[in-house]
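What follows is a set of notes on a single structure, which appears directly below.
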Amino acid sequence: MIRSQETLNMLLDSISRFVRERLVPSEEIVAETDQIPAGLLEEMKDLGLFGLCLPEEYGGLGLTMEEEVLAAMELGKTSPTFRSAIGSNNGIGSTGIVIDGTPAQKEKYLPRLASGELIGSFCLTEPEAGSDAASLRTTAVRDGGHYVLNGTKRFITNAPEAGLFTVMARTDPAGKGAGAISAFVVEAGTAGLSLGRIDRKMGQKGAHTCDVIFENCRVPVENLIGEKEGVGFKTAMKVLDKGRLHIAAVATGAAERMLADALRYAMERRQFGKAIVEFELIQAMLADSKAEIYASRCMIVDAARRRDAGEKVTAESSCAKMFATEMCGRVADRAVQIFGGAGYMSEYGIERFYRDVRLFRIYEGTTQIQQIVIAREMQRSFER
Ligand SMILES: Cc1cc2nc3c(=O)[nH]c(=O)nc-3n(C[C@H](O)[C@H](O)[C@H](O)COP(=O)(O)OP(=O)(O)OC[C@H]3O[C@@H](n4cnc5c(N)ncnc54)[C@H](O)[C@@H]3O)c2cc1C
């Protein structure tokens, strides 16, 4: 749902200009230094990018899902590292509180997440629990006015910078299933919380992940999200339903950027006496990419509108995440091919995108997990 086309156009224009004029020229330096310059982060805060999707009453812009995916497509047109910097505050690092938090939890954390003063993160994955997240082992045992957390979370985006961790842990250690899992917010600096070393990754340099370790970490009972035990896994899945549409949109924006770069190169590069864009085999790669990006946009906007209308979009989110991220991978591969040898060379930038976008098919549920979710939803609707 678009609330005001005019206001949205102004926002999309300002994001697009910021991406073009400030972020694209900084892509290489961020990749080289593995750091986003502090000045750029401040500009992102001033533009309200950390609070795009947070409710207006807590200082965010309160974008609807349709507005959010359109904004995410614009942000996708530069290095995914920049989107990652604001991604957890707008999504996985705040949605649990937005959807299921108590008024006091919202009041305490959302304004600072919306301004970017506080960085949020989402701690679900563990060394032994990835795709099978419901088998997580971190425990949270009640002790008077506190829960005592023990366990290790793995590959947590923005954890090195985070001031707040949304943590899924087992409040009934004897209970094996998802119903024994609860969600907590844990503040950085809490005794017993420590971080592992920053992971070295294939791409998305400048966006950081690390382990988050809990050793007898005492968390006040008020930090149990919604002050309700046993619903933490449901909270996590609701967070991911929304997050998957966002990632699908970012992947689509990245594919558009790579296709634009490939088209420009094909128009300029000459072989056999003419621009390579004149060769039909190059045209086929451009055309296939254009059509797939268009299909992806339509699918994402449709799913977003349905979510705004109150429909449950678990299957549609997974369809969009699977299609858009796999499509993005194919476009990245074709873009490198169109660049030829230059596509393999760092200075042209396209190999960096090729590595950066590989992640989209893995996190927030791998493609195989999306397939499982889609098929399960199909079975459920048949049974109904
Ligand atoms: C850069 C990065 C950032 C991340 N950020 C976060 C974060 O902020 N918070 C967080 O909680 N997690 C995060 N993750 C973790 C991410 O969500 C997991 O890596 C992902 O869900 C896959 O889990 P896994 O790595 O344990 O792989 P595994 O689950 O071990 O999967 C390995 C392979 O087996 C396949 N597979 C698994 N089960 C099945 C099945 N039933 N049927 C068919 N195939 C299957 C998978 O698709 C995959 O191909 C991040 C990961 C990365 C790499």
Side-chain angles (χ1 to χ4, degrees), residues 31 34 79-96 113 119-138 149 151-170 178 181 183-186 188 195-214 225 232-233 235-244 246-248 250-251 254 317-318 321-322 325-326 328-329 352 355-376 379:
D34 195 20
S79 162
T81 297
F82 296 117
R83 200 287 319 177
S84 185
I86 60 143
S88 49
N89 278 35
N90 280 295
I92 57 176
S94 68
T95 310
L113 287 166
I119 298 298
S121 70
F122 177 77
C123 306
L124 180 64
T125 304
E126 297 181 356
E128 304 300 331
S131 299
D132 183 13
S135 70
L136 65 83
R137 295 176 182 180
T138 297
L149 270 64
T152 297
K153 298 292 180 177
R154 179 137 295 172
F155 305 151
I156 305 306
T157 299
N158 291 338
E161 293 82 17
L164 193 67
F165 303 80
T166 296
V167 184
M168 269 50 70
R170 208 165 278 286
I181 295 171
F184 297 86
V185 278
V186 184
L195 303 178
R197 65 166 178 77
I198 293 181
D199 299 312
R200 294 170 63 209
K201 310 193 298 323
M202 173 193 279
Q204 299 210 11
K205 297 281 160 60
H208 305 132
T209 64
C210 70
D211 279 4
V212 180
I213 303 146
F214 300 94
I225 292 184
F233 195 73
T235 299
M237 292 304 110
K238 284 187 266 181
V239 168
L240 291 177
D241 263 6
K242 181 168 183 288
R244 285 168 182 169
H246 182 97
I247 294 294
V250 176
S317 289
S318 285
K321 204 257 179 190
M322 175 175 79
T325 59
E326 291 288 329
C328 185
R352 172 167 42 77
R355 288 181 287 108
D356 284 352
V357 302
R358 187 63 184 82
L359 178 59
F360 295 146
R361 293 152 65 190
I362 296 172
Y363 67 180
E364 300 205 19
T366 63
T367 292
Q368 290 69 40
I369 293 307
Q370 308 309 329
Q371 288 172 315
I372 289 169
V373 171
I374 296 162
R376 192 190 59 211
Q379 277 171 282

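As the structure is a computational prediction, the values presented were derived from the model and not from experiment. All heavy atoms count here, side chains included; hydrogens, waters and symmetry mates do not. Both ligands and their constituent atoms are indexed starting at 1 by order of listing. Starting from 1, each residue takes its place in the sequence as its number.
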* To do: Look at atom 36 (N) of ligand 1 and find which of Ser131, Ser88, Gly91, Ala129 reaches it with the closest heavy atom.
  => Ser131
* **Per-atom contacts, ligand 1 versus Leu359 - under 4.0 Å to a heavy atom** => 1 (C), 2 (C), 52 (C), 53 (C)
* To do: Could you say whether the N/O atoms of Arg154 and ligand 1 ever approach to under 3.5 Å?
  => no
* Asked: Quick one: which ligand 1 atoms are inside 4.0 Å of a heavy atom on Ile372?
  -> 40 (C), 41 (N), 42 (N)
* Heavy-atom side-chain contact between Tyr363 and Ile247 under 4.5 Å -> yes
* Asked: Is there a protein heavy atom less than 4.0 Å away from atom 33 (C) of ligand 1?
  -> no
* Structure fact -> For Gly130, the atoms of ligand 1 under 4.0 Å from one of its heavy atoms are 23 (O), 24 (P), 26 (O), 29 (O)
* To the nearest 0.1 Å, how far is atom 45 (C) of ligand 1 from its closest protein heavy atom, and which atom is that? -> Gln368 CB, 4.3 Å
* Flag atom 2 (C) of ligand 1 as yes if some protein heavy-atom distance to it falls below 4.0 Å, otherwise no. => yes
Considering only distance and modelled atom types, tabulate donor-acceptor pairs under 3.5 Å from the side chains of residues 129-138, sequence neighbours left out.
from	atom 1	to	atom 2	distance (Å)
Asp132	OD2	Ser135	OG	3.4
Ser135	OG	Asp132	O	2.8
Thr138	OG1	Glu126	OE2	2.6

* Asked: Would you call Ile372 and Ile369 a side-chain contact if the rule is heavy atoms closer than 4.5 Å?
  -> yes
* Please test Leu195 against Val212 for side-chain contact (heavy atoms from CB on, under 4.5 Å), starting from the C-alpha separation and ending with a verdict. => CA-CA 5 Å; Leu195 303 178; Val212 180; 4.0 Å; yes
* Asked: Of all residues at least two apart in sequence or in a different chain, which pass the side chain to side chain contact (heavy atoms under 4.5 Å, CB included) check with Arg361?
  -> Thr325, Glu326, Arg358, Thr367
* Can you tell if the side chain of Leu240 reaches within under 4.5 Å of the side chain of Leu124, non-hydrogen atoms only? -> yes
* Working to the nearest 0.5 Å, report the span between NZ of Lys242 and CG of Asn90. => 7.5 Å
* Find all atoms of ligand 1 within a distance of less than 4.0 Å from any non-hydrogen atom belonging to Glu364, and give their numbers and elements. => 17 (O)
* No-hydrogen, no-angle side-chain donor-acceptor test under 3.5 Å, Asp199 and Thr209 -> yes
* Just distances here: any N/O of Thr157 and N/O of ligand 1 closer than 3.5 Å? -> yes
* Are side-chain heavy atoms of His246 and Arg83 found at a separation under 4.5 Å? -> yes
* **Within-cut-off N or O pair, Tyr363 and ligand 1, under 3.5 Å** => no
* Any side-chain heavy atom of His208 sitting closer than 4.5 Å to one from Asp34? -> yes
* Taking atom 46 (C) of ligand 1 as the reference point, the nearest protein heavy atom with its distance -> Thr366 OG1, 3.7 Å
* **Closest to atom 20 (C) of ligand 1 among Thr209, Ile156, Ile362, Asp199 (heavy-atom distance)** => Ile362
* Structure fact -> atom 12 (N) of ligand 1 sits nearest the protein heavy atom Thr125 OG1, 2.7 Å
* Asked: Can you find a protein heavy atom under 4.0 Å from atom 14 (N) of ligand 1?
  -> yes
* Asked: Does a side-chain heavy-atom distance below 4.5 Å link Phe360 with Gln204?
  -> yes
* **Side chain Lys321, main chain Gly365, donor-acceptor under 3.5 Å** => yes
* Asked: Does an N or O from Asp132, backbone or side chain, lie closer than 3.5 Å to an N or O of ligand 1?
  -> no
* For atom 39 (C) of ligand 1, closest protein heavy-atom neighbour -> Ile369 CD1, 4.2 Å
* Distance filter under 4.0 Å to Leu124 heavy atoms, resulting ligand 1 atoms -> 11 (O)
* To do: Would you indicate which of Phe165, Phe155, Phe122 comes nearest to atom 6 (C) of ligand 1 when only heavy atoms are counted?
  => Phe155
